[in-house]
Peer 1: 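Quick one: this structure, given as structure tokens, is what I'll be asking you about.
Fair warning: this is a prediction, and the values are worked out from it, not measured in the lab. A, B, ... follow the sequence lines: proteins, then strands. Residue 1 opens every chain.
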Amino acid sequence: MLDRKFILENIELVKQNCANRGVRVDVDAFAALEEKRKALQADVEKLNRDANLVSKSIGQAKDPAERDARKEEGRRLRDQTQERQNELAAVEEESLAIHRMIPNLSHPDAPIGVDDKSNLERFRGKTPIPHFDFKPLDHVELAEKLDMIDFEAGGRVTGHGFYFLKNDAVLLELALQQYAINTLVAEGFTPITTPDLARNDVLVGIGFSPRGPETQIYSVDGTDLSLIATAEITLGGMMAEQTLESDQLPIKYCGISHCFRTEAGAHGKATRGLYRVHQFTKIEMFAFTTAEESNIMLEQLRGLECKLFDGLGIPYRVVDTATGDLGGPAYRKFDLEAWMPGRGENGEYGEVTSTSNCTDYQARRLNIRYRVKGEKGSRFVHTLNGTAIAVSRAIIAIMENYQQADGSIVVPEVLRPMMGKSVIEAKR
RNA sequence: GGAGAGGUGGCUGAGUGGUCGAAAGCGUCGGUUUGCUAAACCGAUGUACGGGUCAAACUGUACCGCGGGUUCGAAUCCCGCCCUCUCCGCCA
């Protein structure tokens, strides 16, 4: 959420930002409701004050008749307070509903545009796009030949969008996790394995909606829990309601979790194979920083994503996400799109990671603050997240880029120690 | 899952209906003393939101795990939930 006061003092800016992001919100209505809310708040406080004074005087009054009279007065004031409070609650709810819809501000350098067509390519990876002297297969065909993924059984056991990894795909998943974690620990990240479920209010704080027809989230019946869509939820939630010291920051976590997504409304799009699935394993980076440090941290996270994929020898490009494609919480976002030779007609880029600076937008909802020595009060931390490795999509990129004419797959050098082999080939 | 105990400020810990935003101690910060250190002594020391101010001072409301309820008045009484600890059961 944005700061209420900030919105009121910068209405035009906020409106323009909503327009840039393709978000339709009635900011004026919000401002009007806020005026009303403030007035009611002042009324309630005034009534409370009077009622408190009356209550205190009762304890001191000795004459029983006098006490009864004041009790009556107190009752009257409390009734009035209650009435105003109800009004206030109603206005607050209305105001909050709009407030929640207002997206974060956007970085001045983020390309302006209402959808991903305006995304701007910023970098390319070190690895050139491979040229095959044969018709490259896609990962589904390769997996079939090498007995690595069982989609059929996934459908039978759980449903469409689920799969079993088998044989070398399992080794690959484990190796990728190890590779990512090793790399990040060396960079000062604290490794974490997180719960795969979280309370709904944590999901909401991070910016997900557990309910509703559009939801990406599986919720567990009869509880207030949902399966997480990303470890961003649990890692961010770890610090909810905490006040940190500025010298503890930045805090850098890398979390391993499973991610669950309903992908509601995604039917009809390219859903073949592992690309869009309901469950996958992901190593996620998450950082809490001071307000001053978050832009630099975003660069660091982006740099680490590049390092990881350069290390894997996967060709990619980095895209600066357009305002309309940022989602609610992000101030700026970079997507890393890996080259996938089996995608589309002659290969296409497909998103494999994404890193965002959410500034204080999530922290305000989750109430994560920090104190600066010598400063009164506290500020909201800035939160950032970034994918290190989303295993399912990384597997696609590896299988398709490293495939050989004979249908085998060369193992990226950095994974060989963990895989214990340098080639994945069909069993004789 | 069952039984019991408990959740109070940065920490320890008092407080069972009124002047309690909350004793005391510790810690922290400032000062006095001191050649330095230590000790002693004096003083200050919660947060959020609002009013006020150039900024302060000052001031209002709320906050004793969370949410409701009773009452003129709740840290204190009642209900629900969450969490922690102990014991039992179950289990990887």
Peer 1: Are OP1 or OP2 of B/rG73 and a side-chain N or O of A/Arg78 less than 4.0 angstrom apart?
Peer 2: yes
Peer 1: Can you name the residues that form a side chain to side chain contact (heavy atoms under 4.5 Å, CB included) with A/Phe164, not counting sequence neighbours?
Peer 2: A/Asp150, A/Ala153, A/Val157
Peer 1: Please report the distance separating the C1' of B/rC66 from the corresponding atom of B/rU12, rounded so that it comes out in whole Å.
Peer 2: 24 Å
Peer 1: Nearest to the side chain of A/Asn52 - B/rC49, B/rG50, B/rA62?
Peer 2: B/rA62
Peer 1: How is A/Arg70 classified with respect to the nucleic acid when contacts are heavy atoms under 4.0 Å: base, sugar-phosphate, or nothing?
Peer 2: nothing
Peer 1: Looking at every strand, decide which applies to A/Arg371 at a 4.0 Å heavy-atom threshold: base, sugar-phosphate, or nothing.
Peer 2: sugar-phosphate
Peer 1: Can you see if the side chain of A/Arg199 gets near the phosphate of B/rC83 - specifically, an N or O under 4.0 Å from OP1 or OP2?
Peer 2: yes
Peer 1: Which is true for A/Arg4 with a 4.0 Å heavy-atom rule: it touches a base, it touches only sugar-phosphate, or it touches nothing?
Peer 2: nothing
Peer 1: Going by the side chain to side chain donor-acceptor pair (under 3.5 Å) test, name the single residue among A/Thr353, A/Asp335, A/Asp310 that passes it with A/Tyr316.
Peer 2: A/Asp310
Peer 1: On RNA chain B, check which nucleotide each of A/Ser378 and A/Ile58 is closest to and give me the residue with the more 5' one.
Peer 2: A/Ser378
Peer 1: Relative to the ring of A/His107, is the ring of A/Tyr331 parallel (under 30°), tilted (30 to 60°) or perpendicular (over 60°)?
Peer 2: perpendicular
Peer 1: Remember a base hit wins even if backbone is also touched, and classify A/Arg67 as base, sugar-phosphate or nothing at under 4.0 Å, heavy atoms.
Peer 2: base
Peer 1: Taking for each residue the nucleotide of RNA chain B with the nearest heavy atom, is it A/Gln82 or A/Gly74 whose nucleotide lies nearer the 5' end?
Peer 2: A/Gln82
Peer 1: I want to verify a distance call: between B/rG73, B/rA48, B/rU61, whose nearest atom is closest to the A/Glu45 side chain?
Peer 2: B/rU61
Peer 1: Before accepting this row, confirm whether a basic side-chain N of the pair A/Glu66/A/Arg70 lies closer than 4.0 Å to the acidic partner's carboxylate O.
Peer 2: yes
